[in-house]
Amino acid sequence: MAVHLKPLHEQTLVITGASSGIGLATALMAARRGATVLLVARDEPVLEQVTRQIVAEGGQAMYVVADVGRREDLQLAADTAIEHFGGFDTWVNNAGVAIWGRLEDVRERDHQRLFETNFWGVVNGSLIAAAHLRRHGGAIVNLGSLTSDRALPLQGMYSASKHAVKGFTDALRMELEEEGAPISVTLVKPAGIGTPFTEHAKNYTEHEPCLPPPVYRPEDVARAILHAAGHPLRDIFVGSSSKLMSAAAAHAPRCLDRFSERTLFDAQLRDGPPQPPSDNLYEPAGNGRVHGRHPGQVVRPSLYTHAVLHPRATALMATVFGLAAACALGGRSLRR
């Protein structure tokens with residue numbers, strides 16, 4: 001069965017991890033484009049504040065307090081969307097937590113907790129969403145990472161969870177397609193994004209965590225997610241470095257291993273001591289910010305992702321610039 005997705009302004013979206021970072025950026029952007037949003041996260045004060053902001057700006061929004069590792073919490077979110085909005089059209093599995101530290105140094109319970117959120121949260125949300133979307137169609141958008149294709153040292157279990165998200169998402173997509181379900185399943189794979197990600201990470205090191213450059217804007221990921229809500233796509237890379245790392249991992253894994261061993265330990269740690277702990281592994285961090293603090297780093301837009309999402313406009317611009325360059329070169333030749 002063909003997948004037909006509604007225009008964004010006619011959709012209701014359920015977005016997990018909506019109290020900060022990518023999830024918050026996506027919820028605000030979706031509401032401003034006319035979509036109805038149901039915000040899902042653990043931090044009720046932030047959810048209430050964001051919902052009031054959206055409504056004050058003329059949008060439609062509600063929230064549900066939920067821990068994505070608990071299937072019953074996400075079922076409540078789905079039931080709320082059905083009761084108040086008549087259902088939902090796109091479900092975004094975005095909630096995630098992180099740990100910085102060598103694998104052997106991290107407590108087993110912390111490893112397990114990370115998987116409860118990053119992997120089982122995606123599984124719970126996807127299966128609940130699929131049960132509803134089978135009836136009228138829609139999109140499931142899962143947040144992977146460049147670490148879905150390539151592991152990073154010091155983020156070992158986070159990388160493992162994102163590998164697992166990719167495997168689950170690919171299998172779910174095939175099973176839904178085989179049965180003819182009218183559901184699009186997209187995996188979004190961002191590079192390093194300038195959210196409060198490092199501030200929220202559980203830190204086992206003696207330094208402040210940081211993202212290896214380049215670091216991209218959260219709004220680029222939000223645009224990719226909302227594009228997937230209206231366009232059936234298999235994968236979307238956000239940031240050219242994510243695409244390059246994926247290609248290198250596929251074609252030159254041992255070279256990439258050695259490069260990572262030489263560079264990615266120091267590149268993920270600042271020189272100074274760590275800040276007071278504020279991780280969100282077990283409790284919400286409570287800052288409600290889209291953007292993080294990344295001193296000394298440039299958070300830039302992803303021209304690569306813009307080109308991927310808008311290939312016709314990009315081709316037209318390239319043609320115009322090419323013609324302009326040709327005219328300029330031709331004028332120089334005539335003057336000679």
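Atom CD1 in Ile54 sits 11.0 Å away from atom CD in Gln49 (nearest 0.5 Å). The CZ atom of Arg270 sits 6.5 Å away from the OG1 atom of Thr198 when rounded to the nearest 0.5 Å. Taking CG of Leu256 as the reference point, atom NE2 of His251 lies at 12.0 Å (rounded to 0.5 Å). Taken to the nearest 0.5 Å, the CD1 atom of Ile99 stands 12.5 Å off from the OG1 atom of Thr205. The line from CZ of Phe197 to CG of Leu211 is 6.5 Å long, rounded to the nearest 0.5 Å. Interatomic distance, His310 NE2 to His306 NE2, rounded to the nearest 0.5 Å: 4.5 Å.
Using modelled atom types, one side-chain atom of His111 and one backbone atom of Leu103 make a donor-acceptor pair closer than 3.5 Å. Although no hydrogens or angles enter the test, the distance criterion places no donor-acceptor pair under 3.5 Å between the side chain of Asp257 and the main chain of Glu261. Put simply, the side chain of Ser148 gets close to the backbone of Ser145: a donor and an acceptor are under 3.5 Å apart. Under a 3.5 Å cut-off, the side chain of Thr117 and the backbone N or O of Ala95 do not form any donor-acceptor pair. The closest donor-acceptor contact from the side chain of Glu57 to the backbone of Arg32 lies at 3.5 Å or more, if one exists at all. Here the side chain of Gln268 pairs a donor or acceptor atom with the backbone of Pro153 at under 3.5 angstrom. Judged purely by atom type and a 3.5 angstrom limit, His231 uses its side chain to pair as donor or acceptor with the backbone of His227. Ser126 contributes a side-chain N or O that, together with a main-chain N or O of Val122, makes up a donor-acceptor pair within less than 3.5 Å. In this structure a side-chain-to-backbone donor-acceptor pair under 3.5 Å is present from Ser302 to Gly239. A donor-acceptor contact shorter than 3.5 Å is absent between the side chain of Ser241 and the backbone of Pro214.
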Would you sort out whether His132 and Trp91 count as a side-chain contact (heavy atoms from CB on, under 4.5 Å), showing the intermediate values?
CA-CA 10 Å; His132 174 73; Trp91 185 292; over 6 Å; no
Run the side-chain contact (heavy atoms from CB on, under 4.5 Å) check on Ile225 and Leu143 step by step: do they pass?
CA-CA 9 Å; Ile225 291 169; Leu143 263 291; 3.6 Å; yes
Hey, mind stepping through Arg113 and Asp110 against salt bridge (Lys or Arg N to Asp or Glu O under 4.0 Å) and telling me if it holds?
CA-CA 5 Å; Arg113 175 60 179 170; Asp110 288 351; over 6 Å; no
The test is side-chain contact (heavy atoms from CB on, under 4.5 Å); show your working for Leu146 and Lys189 and say whether it passes.
CA-CA 5 Å; Leu146 68 82; Lys189 294 190 276 191; 5.9 Å; no
Check the pair Met157, Val106 against side-chain contact (heavy atoms from CB on, under 4.5 Å), reporting the backbone distance first and the verdict last.
CA-CA 9 Å; Met157 200 55 69; Val106 178; over 6 Å; no
May I have the step-by-step check of salt bridge (Lys or Arg N to Asp or Glu O under 4.0 Å) for Glu219 and Arg223, ending in yes or no?
CA-CA 6 Å; Glu219 291 82 1; Arg223 290 188 185 93; 5.9 Å; no
Step by step, would you call Glu104 with Arg102 a salt bridge (Lys or Arg N to Asp or Glu O under 4.0 Å)?
CA-CA 6 Å; Glu104 291 180 316; Arg102 292 176 179 266; over 6 Å; no
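Using a 3.5 Å distance cut-off with no hydrogens or angles, the side chains of Gln112 and Glu108 do pair a donor with an acceptor. Between the side chains of Asn118 and Ser161, a donor-acceptor pair is found at a separation under 3.5 Å. No side-chain donor-acceptor contact under 3.5 Å links Thr305 and Asp220.
Side-chain atoms of Thr26 and Val221, non-hydrogen and from C-beta on, never get closer than 4.5 Å to each other. Using a 4.5 Å heavy-atom cutoff, the side chains of Met62 and Thr36 are not in contact. Side-chain atoms of Ile140 and Thr169, non-hydrogen and from C-beta on, never get closer than 4.5 Å to each other. Here the side chains of Leu127 and Arg71 are in contact, with some heavy-atom distance below 4.5 Å. Counting heavy atoms from C-beta outward, Asn203 and Asp279 have side chains that stay 4.5 Å or more apart.
Residues Tyr304 and Tyr216 place their aromatic rings such that the two centres sit no closer than 6.0 Å. Between Phe168 and Trp120, the ring center distance fails the sub-6.0 Å criterion.
In terms of heavy-atom proximity, Ser184 sits nearest to Leu233 at OG-N, 3.9 Å. Closest of all the heavy-atom pairs between Arg134 and Ala181 is CG-CB, 4.3 Å. Residues Ala77 and Val40 approach most closely at CB-CG2, 3.9 Å, considering heavy atoms. Between Arg42 and Leu281, the closest heavy-atom pair is NH1-O, 3.6 Å. Of all the heavy atoms in Val37 and Ala30, the pair that sits closest is CG1-CB, 3.8 Å. Scanning both residues, Pro212 and Leu264, for their nearest heavy atoms gives CB-CD2, 4.0 Å.
Linking ILVMFWY residues whenever their side-chain heavy atoms come closer than 4.5 Å, directly or via other members, places Leu8 and Leu39 in the same cluster. Under the 4.5 Å side-chain heavy-atom criterion for ILVMFWY residues, a single connected hydrophobic cluster contains both Ile22 and Leu47. Val46 and Val64 are not part of a single hydrophobic cluster, where members link through side-chain heavy atoms under 4.5 Å apart. In the hydrophobic clustering of ILVMFWY residues, with side-chain heavy atoms under 4.5 Å counting as a link, Ile15 and Val123 come out apart. Transitive grouping of hydrophobic side chains (ILVMFWY, heavy atoms separated by less than 4.5 Å) keeps Leu187 and Phe237 in distinct clusters.
By the 6.0 Å contact criterion, CG on Asp271 is open, its count of non-hydrogen atoms from other residues, nucleotides or ligands being 12 or less. Environment of CD in Glu179: crowded, with over 12 heavy atoms of neighbouring residues, nucleotides or ligands closer than 6.0 Å. More than 12 heavy atoms of other residues, nucleotides or ligands sit less than 6.0 Å from atom OH of Tyr282. With a 6.0 Å radius and a threshold of 12 heavy atoms from other residues, nucleotides or ligands, Glu206 has its CD atom at or below the threshold.
Of the residues listed (Leu74, Asp67, Val92, Asp73), the one engaging Thr16 in a side chain to side chain contact (heavy atoms under 4.5 Å, CB included) is Leu74, and it is the only one.
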